K.L.:
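Pasting in a structure now, in C-alpha cells, and then I'll have a few things to ask.
Computed from a prediction, not measured in an experiment: that's the story for all the values here.
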Amino acid sequence: MKKILSYILYADNLVGKLVLAWIYVLAYDFMYENFVFKLFHYMGNVDYEEMTLENRILWVILSVLPFAEYKGLNKMSSFFSLFLYLFVYIPFVHAVFVSYNIGAWTTYSYSLALLVIMILYFKIGNDWRVINNIMVKPQISLRTVEVVTLVLTVVFVAAGHSSMHFVNIFTQSTEMYDFRAQNAESDTLGAVAYIQGWLFGAFYPFLLVNYLHAKRWKLVTLPLAGYFLLFAVDMQKMTFLMPFALIFMYYVISSNEEKVSHYLHSFIMVCILIFSSFLYVFQDNELVFAVAAIVLLRTVCVAGWLTQFYVHFFNENPYTYYSHINIVNFITDSYPYSEPLGRAVAYGGQNANANFFLTDGVAACGLAGILFIGLVFGVILIVINSISARYKKAELFILFMPTMAFFLNTSIFTTMLSNGLLILMVLVACARCDIAKNE
C-alpha cells in the first residue's frame, strides 16, 4: 500500500501524478456543480451548463495535460506554477467549459491558450535555461536593507498612526471589520499604500528569513512587530497571521526540503480532496457550512467563479487595453468605466478582484490579452529563477510566500508594484546576506 501511494504521489512519476490530477479535476467538477452552483447561483454569474461527452473528455485532457511537465519544485518558478495550476488554471478551464452563452470559439481558444502557457511555465521550472544566473554587483549589505526597512516603517507609522487600532482578531471581529471598512475608505493612507505593500511582501519577509537562518532570535521579533503595525491599519487577518505562518513553514520546509519538493503537490491536492469531501458530507451543520463556503467557494473555486464574471462581462463591454493600470490610464486617459475594474465587472455589488489572466488578460484584450500577459509572466519567472539560483529552495519559498498570497488574486502589475514582488526581486538579486551563497 505504501509503495502504491508513493507511486501516485511522487512528482517524478508521470502516470501517478496524472492519475492524481484526473481525480482532482473530477472532484473539482463535482464540488462546483453540487455545492458552488447549487447553493450560490443566486449571487449571479455562477454558471453550470452540463458538458457534452466530447467536451467533457476534452476538458479533462486540457486540465490534466500540463501537469505532465511538472517535475517537482526544482526552481522558484515551479512554486509559482504549481499554485497557479491548482488555483487558477484548473478553475479557469473548467469555468469556460460550463459557462452559459459564451460561444465555442471563446471556450476553445481561451483553454488552448492557457494550455500552452501553463506547459511553458512548468518547462521553465525544470532545466530550461534562458538567462544565466544574475547577481548584481556591488552587493548591498544586510545592514543597508535594515536601515531602509526602518525608515519605511517610521514613514508608514507617521502617516497612518491616526488610523491604527489594536483589536483581538478572535474576540473583536465586529470592531475589526468596522475599522477595516473605515480605513479602506480613508484617503489619508493612499500615499503610503505602496510602502505597506513593500514592507509586507518584501522587506519584512526578507529580514525575517535572514534572522531565522542566523538564529538571531531577538531580531526575529522586529519583523513580527512590523507585521503587527501593518495589521493595526489594514485589519486583515492574513497580515496578523502571516509572520507566524512564515516561521512555522520555515522550519517545516527546512527540515524536509526534498520531501516538500517532491510531494507538495500531492499533499495540497489530497488535503483539498479529503477536506472538501468532509465539508460536503456534513454541510448541513451551520458551522461546517460556513467553513465550506470559505474553503470551496472562496478559495478552491473562486477563480472559476470570477472567470465567469469576467468572460460574460467582456463579451458585452469594451476591453480596457490596460488602462485599468493607473500609470497607463494617466497617459492615455482611456479607462472606459466609472468604477475600479473589480467593481465594474461585478456591477458595483462587490469587488471582483481576480488573477492576472483575468484582469490583465481577458479584461485588457481578450485572447490577445491572455497571450500577452502569459508571456510577460513567463519572462518574470525566468528572471526569478536566475536571480534566485544562489539561494536554498526552502528559504526562497518562504521569501516569496507573502507575494504569492496576492499573486493569485490580483493584477500582476499590482503584485509587482504595490505588493512588493518587484522590490523582493531587487533584494534577492542585490543583497549580500547570510542566506545567499555569494560568489
K.L.:
Identify, with sequence neighbours excluded, every residue that meets side-chain hydrogen bond (donor to acceptor under 3.5 Å, both in side chains) alongside Thr415.
P.N.:
Thr410

K.L.:
With sequence neighbours excluded, tell me which residues meet side-chain hydrogen bond (donor to acceptor under 3.5 Å, both in side chains) with Ser81.
P.N.:
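For Ser81, no residue satisfies side-chain hydrogen bond (donor to acceptor under 3.5 Å, both in side chains) once neighbours in sequence are set aside.
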
K.L.:
Could you pull out all residues at least two apart from Val116 that satisfy side chain to side chain contact (heavy atoms under 4.5 Å, CB included)?
P.N.:
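Scan of Val116 (side chain to side chain contact (heavy atoms under 4.5 Å, CB included), adjacent residues dropped) gives none.
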
K.L.:
Hey, does the side chain of Asn419 reach the backbone of Met416 with a donor-acceptor pair shorter than 3.5 angstrom?
P.N.:
no

K.L.:
Kindly indicate whether the side chain of Pro66, heavy atoms from C-beta on, has any atom under 4.5 Å from the side chain of Tyr89.
P.N.:
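Result yes, sub-4.5 Å side-chain heavy-atom pair found.
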
K.L.:
Can you list every side-chain hydrogen bond (donor to acceptor under 3.5 Å, both in side chains) pair that touches residues 352-381, not counting sequence neighbours?
P.N.:
His324-Asp360, Asp360-Ser411

K.L.:
Which value, rounded to the nearest 0.5 Å, describes the distance between Tyr310 atom OH and Phe314 atom CZ?
P.N.:
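Taking OH in Tyr310 and CZ in Phe314, the distance rounds to 7.0 Å.
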
K.L.:
How long is the gap from OG on Ser255 to OH on Tyr251, to the nearest 0.5 Å?
P.N.:
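The distance works out to 10.5 Å.
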
K.L.:
So, taking the atom named CG in Leu224 and the one named CG in Leu219, what distance separates them when rounded to the nearest 0.5 Å?
P.N.:
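With rounding to 0.5 Å, CG (Leu224) is 11.0 Å from CG (Leu219).
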
K.L.:
Using modelled atom types and a 3.5 Å cut-off, is there a donor and acceptor pairing between side-chain atoms of Trp198 and backbone atoms of Leu417?
P.N.:
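It does hold such a pair.
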
K.L.:
Please check if the side chain of Thr52 supplies one atom and the backbone of Asn55 the other of a donor-acceptor pair under 3.5 Å.
P.N.:
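Here the side-chain-to-backbone pair exists.
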
K.L.:
Could you walk me through whether Phe79 and Leu396 pass side-chain contact (heavy atoms from CB on, under 4.5 Å), step by step?
P.N.:
CA-CA 9 Å; Phe79 190 64; Leu396 281 173; over 6 Å; no

K.L.:
Is the ring centre of Phe407 less than 6.0 Å from the ring centre of Phe377?
P.N.:
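Yes, the ring centres sit under 6.0 Å apart.
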
K.L.:
Check this for me: Trp105, atom CH2, are more than 12 non-hydrogen atoms of other residues, nucleotides or ligands nearer than 6.0 Å?
P.N.:
no

K.L.:
Could you note down all residue pairs passing salt bridge (Lys or Arg N to Asp or Glu O under 4.0 Å) where residues 54-67 supplies at least one of them, sequence neighbours left out?
P.N.:
Asp29-Arg56, Glu50-Arg56

K.L.:
Please determine, by modelled atom types, if His312 and Asp47 share a side-chain donor-acceptor pair under 3.5 angstrom.
P.N.:
yes

K.L.:
If you measure from OH on Tyr100 to CD on Glu49, what distance do you get to the nearest 0.5 Å?
P.N.:
6.0 Å

K.L.:
Decide if atom CG of Asp12 counts as having more than 12 heavy atoms of other residues, nucleotides or ligands within a radius under 6.0 Å.
P.N.:
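Atom CG in Asp12 is crowded, with more than 12 foreign heavy atoms closer than 6.0 Å.
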
K.L.:
Which of parallel (below 30°), tilted (30 to 60°) and perpendicular (above 60°) describes Phe413 and Tyr322?
P.N.:
perpendicular

K.L.:
How would you list, by chain and number, every residue that makes a side-chain hydrogen bond (donor to acceptor under 3.5 Å, both in side chains) with Tyr28, sequence neighbours excluded?
P.N.:
none

K.L.:
Is a donor on one side and an acceptor on the other found under 3.5 Å between the side chain of Tyr85 and the backbone of Met118?
P.N.:
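Not a single qualifying donor-acceptor pair exists.
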
K.L.:
Measuring only between side-chain heavy atoms, which start at C-beta, is Val15 closer than 4.5 Å to Asn13?
P.N.:
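Yes. Closest side-chain heavy atoms under 4.5 Å.
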
K.L.:
Output a table of donor-acceptor pairs, distance under 3.5 Å, between side-chain atoms of residues 202-213 and any protein atom two or more places apart or on a different chain; print 'none' if there are none.
P.N.:
residue, atom, partner, partner atom, Å
Tyr204, OH, Thr153, OG1, 2.8
Asn210, ND2, Phe206, O, 2.8
Tyr211, OH, Glu146, OE2, 2.5
His213, ND1, Glu395, OE2, 2.7

K.L.:
Evaluate the side-chain proximity of Phe275 to Val291: yes if any heavy-atom separation is below 4.5 Å, no if none is.
P.N.:
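Result yes, sub-4.5 Å side-chain heavy-atom pair found.
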
K.L.:
Quick check: closest heavy atoms across Phe83 and Leu264, and the distance to 0.1 Å?
P.N.:
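Shortest heavy-atom contact: CE1-CD2, 4.4 Å.
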
K.L.:
Please determine whether the number of non-hydrogen atoms from other residues, nucleotides or ligands lying under 6.0 Å from atom CD1 of Ile327 exceeds 12.
P.N.:
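No.
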
K.L.:
Roughly how far apart are Ile272 CD1 and Leu279 CG, rounded to 0.5 Å?
P.N.:
11.5 Å

K.L.:
Who pairs with Phe200 by ring-ring contact (aromatic ring centres under 6.0 Å, His included), at least two apart in sequence or on another chain?
P.N.:
Tyr227, Phe406

K.L.:
Measuring only between side-chain heavy atoms, which start at C-beta, is Phe80 closer than 4.5 Å to Phe400?
P.N.:
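Yes, at least one pair of side-chain atoms sits under 4.5 Å.
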
K.L.:
Do you know the tightest heavy-atom contact between Leu367 and Ser109?
P.N.:
CD1-O, 3.6 Å

K.L.:
Under 4.5 Å between any side-chain heavy atoms of Ile384 and Met425, yes or no?
P.N.:
yes

K.L.:
Can you run down the side-chain hydrogen bond (donor to acceptor under 3.5 Å, both in side chains) pairs that involve residues 270-282, sequence neighbours left out, and say none if there aren't any?
P.N.:
none

K.L.:
Could you tell me whether the side chain of Gln139 and the main chain of Ala429 form a donor-acceptor pair under 3.5 Å?
P.N.:
yes

K.L.:
With sequence neighbours excluded, tell me which residues meet side-chain hydrogen bond (donor to acceptor under 3.5 Å, both in side chains) with Tyr32.
P.N.:
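If we apply the side-chain hydrogen bond (donor to acceptor under 3.5 Å, both in side chains) test to Tyr32, skipping adjacent residues, the hits are Gln308.
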
K.L.:
Sub-3.5 Å donor-acceptor pair from the side chain of Thr403 to the main-chain atoms of Leu421, do we have one?
P.N.:
no

K.L.:
Is the shortest heavy-atom distance from the side chain of Tyr24 to the side chain of Ile90 under 4.5 Å?
P.N.:
yes

K.L.:
Between the main-chain N or O of Glu339 and the side-chain N or O of Tyr335, is there a donor-acceptor pair closer than 3.5 Å?
P.N.:
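Such a contact is found between Tyr335 side chain and Glu339 backbone.
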
K.L.:
Provide the closest heavy-atom pair for Ala68 versus Leu18 in the form atom of the first, atom of the second, distance.
P.N.:
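Minimum heavy-atom separation between Ala68 and Leu18: N-CD2, 3.8 Å.
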
K.L.:
What verdict does the side-chain contact (heavy atoms from CB on, under 4.5 Å) test give for Trp22 and Leu26, after you've listed the backbone C-alpha separation in whole Å, the side-chain angles of each residue and the deciding distance to 0.1 Å?
P.N.:
CA-CA 6 Å; Trp22 173 68; Leu26 291 181; 3.4 Å; yes

K.L.:
Using modelled atom types only, decide if a donor and an acceptor are shared between the side chain of Lys75 and the backbone of Asn385 within a distance under 3.5 Å.
P.N.:
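Between the backbone of Asn385 and the side chain of Lys75 there is no qualifying donor-acceptor contact (under 3.5 Å).
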
K.L.:
Kindly give the heavy-atom pair with the smallest separation between Leu73 and Leu82, and that separation in Å.
P.N.:
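Taking every non-hydrogen atom into account, CD2-CD2, 4.3 Å.
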
K.L.:
Enumerate the residue pairs fulfilling salt bridge (Lys or Arg N to Asp or Glu O under 4.0 Å) with a member in residues 243-267, sequence neighbours excluded, ordered by first and then second residue.
P.N.:
none

K.L.:
Give me the ring orientation class for Tyr319 and Tyr321: parallel if the planes are under 30° apart, tilted from 30 to 60°, perpendicular past 60°.
P.N.:
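Because their plane-to-plane angle is over 60°, the rings of Tyr319 and Tyr321 count as perpendicular.
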
K.L.:
Once ring-ring contact (aromatic ring centres under 6.0 Å, His included) is applied, do any residues pair with Tyr70, and if so which ones, sequence neighbours excluded?
P.N.:
Phe67, Phe122, His265

K.L.:
Is there a side-chain contact between Leu152 and Phe156, using heavy atoms and a 4.5 Å cut-off?
P.N.:
no

K.L.:
Carefully, step by step, assess Asn317 and Tyr337 under the rule side-chain contact (heavy atoms from CB on, under 4.5 Å).
P.N.:
CA-CA 10 Å; Asn317 296 280; Tyr337 306 106; 3.2 Å; yes

K.L.:
Hey, can you tell me if Tyr121 and Phe357 have their rings parallel, tilted or perpendicular (30° and 60° cut-offs)?
P.N.:
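Taking Phe357 first and then Tyr121, their aromatic rings lie parallel (interplane angle under 30°).
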
K.L.:
Less than 4.5 Å apart, side chain to side chain, heavy atoms only: is that true for Thr320 and Val328?
P.N.:
no

K.L.:
Looking at Glu69, is its backbone amide N or carbonyl O close enough to the side chain of Lys123 to form a donor-acceptor pair, meaning the two atoms are under 3.5 Å apart?
P.N.:
no

K.L.:
For the side chain of Asn329 and the backbone of Ile325, is there at least one donor-acceptor N/O pair under 3.5 Å apart?
P.N.:
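The answer is no, because no donor-acceptor pair under 3.5 Å joins these two groups.
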
K.L.:
Taking all atoms of both residues into account, what is the closest heavy-atom pair of Gly378 and Ile124, and its distance?
P.N.:
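For Gly378 and Ile124, the tightest heavy-atom pair comes out as O-CD1, 3.6 Å.
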
K.L.:
Quick one: OG on Ser77 to CD1 on Ile380, what's the gap to the nearest 0.5 Å?
P.N.:
12.5 Å

